[in-house]
2 protein chains.
Amino acid sequence: MPPVRRTRSAKATPAALHLTRFLPYRLSVLANTVSHTVAKLYETRFGITIPEWRIIAVLGGGETLSAGDIARRTAMDKVQVSRAISRMLDSALILRESGDTDRRKALLTLTPKALAIYTEIVPMALAYEAELTDALSDEERATLDQLLTRLQARADALATPAAPEGEEAVDA
Amino acid sequence: MPPVRRTRSAKATPAALHLTRFLPYRLSVLANTVSHTVAKLYETRFGITIPEWRIIAVLGGGETLSAGDIARRTAMDKVQVSRAISRMLDSALILRESGDTDRRKALLTLTPKALAIYTEIVPMALAYEAELTDALSDEERATLDQLLTRLQARADALATPAAPEGEEAVDA
DNA sequence: ACAAGATAGTTTCGTTTGAAACTGTTGCAA
DNA sequence: TTGCAACAGTTTCAAACGAAACTATCTTGT
């Protein structure tokens, strides 16, 4: 009997991997391209960064939130939020007031200056988003929405236990 | 006659923007969740970073490329590639040889050690990808592929002139 | 009522990042 | 040929990042 011939599928050739077909890679590149573009948009027009934009976005409705609330809603970590808030205090975009029931929590509100930015920036943001999905039909847009939601849920489930929820993000 | 009632669509209320429905935000969060997970995977198992993984991925076929080639194929900028290569030289994952026709270009090849990592890592990467898209049907996977391709093309077209092509990415 | 632990937020520290400046090499034009 | 722009890759620098340590406040159990 001849020795067992190692079959090709066993170990020899690992399925080839083309980076440009690899989903994590593609998501990363796409998210980066998009983030860079909008970051430059916000930066040149309003002098704010993406973390600051996110904070403006969640406070723009006039709500008053604590830093922790903001971190949860923006998927940024508390360090990032803390730093962004301190920048925004310097540039008079935000108001901080100690809560009286719990003095650990600081209640944050946008200043009129920030609200003005909000009013101007939201249409720009939506316009960019519209341009980005320009080539998609309404049905495709709905499908994309669907798929992203499901992928995010799956990614969260597969995420390292250290960050099971409230994932931090580079920018956007 | 009562005075004209300002219509809601005029100026008063800018279309509300919910971060969790905003595509750039969603892409950023998803890409980050995924990147973090795979980064930890590569880090704990092989002690390599994502830039290093990408370089291994493009050189894994046995090809010999220059740093510039790698930058183009991995969508990383040349600084990032340069740094990753220098790490890989230290850890004996890569071989650098000066080209004789053009001494500016260095020809890079993986060492057997890196090839062994490649052989082990590719199935892991594909397995993660498979798990991520677990809940998707084949048709949905094809649609996702389609949509991502089109979004990337659109995002490139809308990108700031500074980076019209060969976009750099944080990780993945 | 008070020690122990949880929670809110900030600061520190070492690492990573990208833009810009720099070094060295090649190709081209006068 | 030689001078200059383009190119490959590295280094520098200031900013941004995240983990972990820290401060301050609140909650809970005994």
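Naming: A, B, ... by sequence-line order, numbering from 1 per chain. Owing to the predicted nature of the structure, the values given are computational and were not obtained by experimental measurement.
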Checklist entry - Which part of the nucleic acid, if any, lies within reach of Ser66(B) when heavy atoms closer than 4.0 Å are counted: base, sugar-phosphate only, or nothing? => result sugar-phosphate

Item to check | Between Arg104(B) and Ser66(B): side-chain donor-acceptor atoms closer than 3.5 Å | outcome: no

Item to check | Check: Leu107(A) main-chain N/O paired with Glu97(A) side-chain donor or acceptor under 3.5 Å | outcome: no

Checklist entry - Is any side-chain heavy atom of Ile55(B) less than 4.5 Å from a side-chain heavy atom of Met76(B)? => result yes

Next on the checklist: Taking the minimum atom-to-atom distance to the side chain of Asp102(A), which one of dT10(C), dA6(D), dT25(D) wins?
Outcome noted: dT25(D)

Next on the checklist: Measure CD/Glu43(B) against P/dG18(D) and give the value in whole Å, please.
Outcome noted: 16 Å

Item to check | Under 4.0 angstrom between Ser82(A) side-chain N/O and dG9(C) OP1 or OP2 | outcome: no

Next on the checklist: Of the listed nucleotides (dG9(C), dT25(D), dG18(C)), which one gets closest to any side-chain atom of Arg96(A)?
Outcome noted: dG9(C)

Checklist entry - Are any side-chain N or O atoms of Arg141(A) and backbone N or O atoms of Thr133(A), one a donor and one an acceptor, separated by less than 3.5 Å? => result yes

Next on the checklist: Check this one for me: any side-chain N or O of Arg103(A) less than 4.0 Å away from OP1 or OP2 of dC26(D)?
Outcome noted: yes

Checklist entry - Can you check whether Gln80(A) has a side-chain N or O nearer than 4.0 Å to OP1 or OP2 of dC17(D)? => result yes

Checklist entry - So what does Thr49(A) touch, heavy atoms closer than 4.0 Å: a base, only the sugar-phosphate, or nothing? => result nothing

Checklist entry - Checking all strands, does Lys78(B) fall into the base, sugar-phosphate, or nothing category for heavy-atom contacts under 4.0 angstrom? => result base

Checklist outcome for this item: Between Asp100(A) and Arg87(A), the residue closer to the 5' end of DNA chain D by nearest nucleotide is Arg87(A)

Checklist entry - If each of Arg83(B) and Asp69(B) is mapped to the nucleotide of DNA chain D with the nearest heavy atom, which maps nearer the 5' terminus, i.e. the 5' end? => result Asp69(B)

